[in-house]
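For reference, the structure is listed below as C-alpha cells.
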Amino acid sequence: MSTSPNPTPSFWRTIKAVAWSLLGVRKGSEWQQDAAQVRPLQIVAVGLVAIFAFVLLLIWVVNWVV
C-alpha cells in the first residue's frame, strides 16, 4: 500500500465517509484510508451538516404529505 507522506484530506472523501457511516456500511480498507486521510474535525462538521439536512428533509416530507 503506497501512501504519500502528507496525505491531504479532500472534502469529497469526507462526505463519502460520513454518508457511508450514516448508512452503517463500510469496508475495512476504506475505513483505514479515511482514518489516515480525514481529520476528525472535518468528520464532525460534515456529520452535523448532513444530520441537519436530513432533519430538514424529513420536516419537508411531512409537511408535503400533510
Side-chain angles (χ1 to χ4, degrees):
M1 176 164 50
S2 66
T3 59
S4 61
N6 242 347
T8 57
S10 71
F11 186 65
W12 178 246
R13 184 156 190 90
T14 305
I15 291 174
K16 282 178 34 179
V18 169
W20 283 115
S21 296
L22 288 173
L23 289 175
V25 182
R26 196 75 177 142
K27 285 187 194 175
S29 61
E30 289 289 324
W31 181 85
Q32 289 174 352
Q33 288 177 356
D34 290 339
Q37 293 181 356
V38 179
R39 296 185 184 118
L41 185 59
Q42 289 176 319
I43 294 287
V44 170
V46 172
L48 288 174
V49 170
I51 291 172
F52 182 71
F54 180 69
V55 168
L56 288 178
L57 177 70
L58 287 177
I59 291 171
W60 177 79
V61 167
V62 167
N63 284 330
W64 180 70
V65 169
V66 173

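Excluded from the calculations below are hydrogen atoms, water molecules and symmetry mates; all remaining heavy atoms, backbone and side chain alike, are included.
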### Task
Return the set of residues passing side chain to side chain contact (heavy atoms under 4.5 Å, CB included) with Leu56 (not counting sequence neighbours), or none when no residue passes.
Phe52
### Summary
Joining Ile, Leu, Val, Met, Phe, Trp and Tyr whenever any side-chain heavy atoms lie under 4.5 Å apart, the cluster holding Val65 also takes in Leu57, Trp60, Val61, Trp64
## Note on the structure
Taking every heavy atom of Val38 against every heavy atom of Arg13, the minimum-distance pair comes out as CG2-CG, 4.0 Å
### Query
Apart from Phe54 itself, what residues make up its hydrophobic cluster, given side-chain heavy atom links below 4.5 Å?
Leu58
### Message
Side-chain heavy atoms nearer than 4.5 Å, only ILVMFWY residues, links allowed to pass through others: does that put Ile43 and Ile15 together?
### Response
yes
### Message
If the condition is side chain to side chain contact (heavy atoms under 4.5 Å, CB included), which residues does Ala50 pass it with, not counting sequence neighbours?
### Response
Val18, Leu22
